[in-house]
Structure formats: C-alpha cells, structure tokens
Amino acid sequence: MSNLAVCFFLSISKIMAIDFNDAPEGFRTVRITGRLDISGTDDIATRFTALTATADQHVMVDLSALEFLASIGIRAIITNAKALQQRGGKMVLLVQAGSSIEKTLTTTGVDALIPLFTDAAQARAAL
Amino acid sequence: MAQTPVNAEANAEANAEATLHAKFQVQATPEGARAAAQWLWAQAPRMDVPRSAIERLDICLAEALANIISHAQLAPSAQAIDLNLQRSASASSPEVALGIWDRGTAFDPTAAVVRPLASNLPDATPGGLGLVMLRSNADALSYQREGGRNGLTITVAWTQAS
C-alpha cells in the first residue's frame with residue numbers, strides 16, 4: 001500500500017447539458033455532456049426528444065464529451081433514433097475512440113442499430 | 001505533534017484497514033444512484049483502484065441500482081440500499097468487490113435471461129441492456145437472498161500496472 005503525500009479523489013460532474021447546432025449542409029448536431037444516468041437522462045429527455053423531432057432531416061448525436069452512459073440513456077437514444085427514422089431521417093453517433101462510451105455501445109450491439117463513429121468527418125459523411 | 005511509536009503503528013494499521021473497506025447507504029431513487037456513484041468515485045481511488053476498473057464498477061453499480069429502482073417494488077419504508085466496497089489485500093491479483101443490498105422482491109440478476117437486441121432499429125426494444133452491461137463489465141457476479149434482502153456482489157479485477 002503506497003503512502004500518498006497527496007490524497008486524490010475523482011469527482012463526477014453534476015452538470016448535464018444538451019445543446020445543438022444546425023449545419024448549412026442540413027443536419028443537426030445534438031451534443032450531450034455530463035452523466036447520462038437516470039437523473040441525467042430525466043434532466044435532458046424532453047429537450048433531446050424535441051431537438052430530434054424538430055430537426056430538418058438528419059441528426060448527429062455527439063457523445064464525444066459524455067462522461068457516462070447508462071442503459072436508460074441508451075434507451076432514450078434508441079427511442080429518438082426510431083422516431084427520426086419513421087420521419088425519414090437518419091441518426092449517427094459520435095464517440096471518443098477508446099472511451100467507455102464507445103465500448104458500451106459496441107458491447108450492447110447498439111452500433112448495429114445506429115451507426116457509430118469516432119471521427120466527426122466520417123460521421124458527417126454518413127448522413 | 002510527537003507521537004509514540006505504538007500510536008503511530010496503530011494509526012497506520014487503522015488507516016490501512018480503512019482504505020480496504022468502505023460502506024454507504026443510499027435511497028432507491030435517481031438521486032440515490034447519483035450519490036452512490038459519487039461515493040464510489042471518492043472511495044475507490046483511495047483503495048488504489050485504477051480508473052478503468054472504477055469506470056466498470058460505476059457502470060455495474062448504476063445498472064444494478066436501476067434494476068432495483070424499476071423492479072424491486074420496494075415498500076416506502078424499505079427504500080434504503082446498503083453498499084459496501086471491499087478491496088482485496090492481494091497485491092499480485094488485485095480486485096475489489098462491491099456489495100449491493102436491497103429489501104425488494106427477490107431478483108437474481110445472474111439468473112435472468114436476456115434477449116439479444118434486435119438487428120434492426122424498427123424492431124429494437126431496448127430492454128435488458130442493463131443486464132448485458134452489468135455482466136460484461138463485472139469479472140464475477142454473485143447473488144444471495146438473505147433475511148428478506150437481495151445481495152449482489154460485483155467483483156472487478158485488474159492487473160498491476162507496469
């Protein structure tokens with residue numbers, strides 16, 4: 001057991017945020033940061049649904065700065081992806097390569113339902 | 001302040017024991033789940049658990065608590081969930097065990113059958129993902145039913161960093 005001169009601890013962020021921008025090419029990027037656990041998903045669910053529902057056509061969901069993704073967060077993503085598809089739009093997901101988020105989405109098989117990218121340019125090209 | 005050798009040893013032992021075990025209690029609510037995660041991220045580093053292992057525990061904890069919150073049918077007076085974190089003393093095969101005890105109806109996450117996710121979006125019903133995430137992030141899972149409580153123990157192991 002090491003003697004630590006400085007005791008460190010890691011804290012989790014309490015701030016959930018969702019914002020968006022609409023690209024001239026016609027797709028919307030919805031960026032979600034913070035912790036997508038039960039509380040976090042509750043916090044942004046309505047806004048996330050609205051942003052997906054009012055997008056012109058396609059949506060890139062940017063999770064590259066997301067800290068944590070629980071199954072309830074995945075559920076919200078899938079629900080919105082389905083609704084978007086029913087309107088003729090497409091959703092893609094952007095994640096940070098090697099992140100826990102990426103691993104979760106591949107392990108659960110979500111990447112077979114909604115295309116997953118670690119590169120923003122490739123994600124845009126897929127829309 | 002000067003300490004006698006006996007006191008210093010006792011303090012060192014107490015500190016060593018304290019950093020091998022931690023306990024907490026939360027309510028079975030979304031806020032409780034958030035508090036549980038904060039406790040994990042505060043305690044596990046003090047036990048020399050590496051970040052990647054804490055991330056896996058974080059996922060397991062969140063999914064186990066989500067199951068309890070959704071399915072355990074807890075009575076209003078029985079919302080408390082007991083958590084404990086136990087670091088193994090072994091330096092050569094380090095691991096940490098997270099225990100989660102609730103007073104809900106019997107549910108064994110290790111025995112539940114999980115249907116695979118659909119292969120196309122229109123057919124996808126995103127249920128059961130939590131169990132997939134729990135099972136894939138834990139190195140071992142064990143369940144016991146004792147005294148009207150469900151006890152789930154999640155073990156995460158890692159190799160000593162080079």
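Basis for what follows: all heavy atoms, side chains included, without hydrogens, waters or symmetry-related copies.
Both A:Leu84 and A:Leu116 belong to a single network of hydrophobic side chains, linked directly or stepwise wherever heavy atoms of I, L, V, M, F, W or Y lie under 4.5 Å apart. A:Ile32 is connected to A:Ile74 through a chain of hydrophobic side-chain contacts under 4.5 Å among Ile, Leu, Val, Met, Phe, Trp and Tyr, so both are in one cluster. A:Leu94 and A:Ile18 sit in two unconnected hydrophobic clusters of ILVMFWY residues. Membership requires side-chain heavy atoms under 4.5 Å apart, directly or through other members. Placement of B:Phe24 and B:Ile100 within a single hydrophobic cluster is found when ILVMFWY residues are connected by side-chain heavy-atom separations under 4.5 Å, directly or transitively. Hydrophobic clustering (ILVMFWY, side-chain heavy atoms < 4.5 Å, transitive): A:Ile72 and A:Leu105 are in distinct clusters.
Using a 4.5 Å cut-off on side-chain heavy atoms (C-beta onward), A:Lys82 and B:Pro122 make no contact. With a 4.5 Å cut-off on side-chain heavy atoms, A:Ile78 and B:Leu121 count as touching. In this structure, the side chains of B:Glu63 and A:Asp37 stay at 4.5 Å or more apart for every pair of heavy atoms. With contacts defined as side-chain heavy-atom distances shorter than 4.5 Å, the pair B:Met133/A:Thr107 does not qualify.
Across all non-hydrogen atoms, the minimal contact from B:Glu55 to A:Ser100 is OE1-CB, 4.0 Å.
Atom CZ of B:Arg149 has more than 12 heavy atoms from other residues, nucleotides or ligands within 6.0 Å. A 6.0 Å sphere centred on CG of B:Asp108 holds more than 12 heavy atoms belonging to other residues, nucleotides or ligands. Within 6.0 Å of atom CZ in B:Arg115, 12 or fewer heavy atoms from other residues, nucleotides or ligands are found, so the atom counts as exposed in its surroundings.
Of the two parts of A:Ala112, only the backbone, made up of N, CA, C and O, holds a non-hydrogen atom closer than 4.5 Å to a non-hydrogen atom of chain B. Contact annotation for A:Leu69: only backbone heavy atoms (N, CA, C, O) come within less than 4.5 Å of a heavy atom of chain B.
When the candidates B:Leu117, B:Ile69, B:Thr125, B:Asn120 are compared by the number of heavy-atom contacts under 4.5 Å with chain A, B:Leu117 comes out ahead. The choice from B:Ala33, B:Ala124, B:Ser136, B:Ala62 that makes the most heavy-atom pairs within less than 4.5 Å of chain A is B:Ala124.
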Side chain to side chain contact (heavy atoms under 4.5 Å, CB included) assessment of B:Asn137 paired with A:Lys103: CA-CA 10 Å; B:Asn137 281 285; A:Lys103 187 169 159 241; 3.5 Å; yes

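Between B:Asp58 and A:Arg35 there is a salt bridge, with a side-chain nitrogen of the basic residue lying less than 4.0 Å from a carboxylate oxygen of the acidic one.
The closest donor-acceptor contact from the side chain of A:Ser71 to the backbone of B:Leu129 lies at 3.5 Å or more, if one exists at all.
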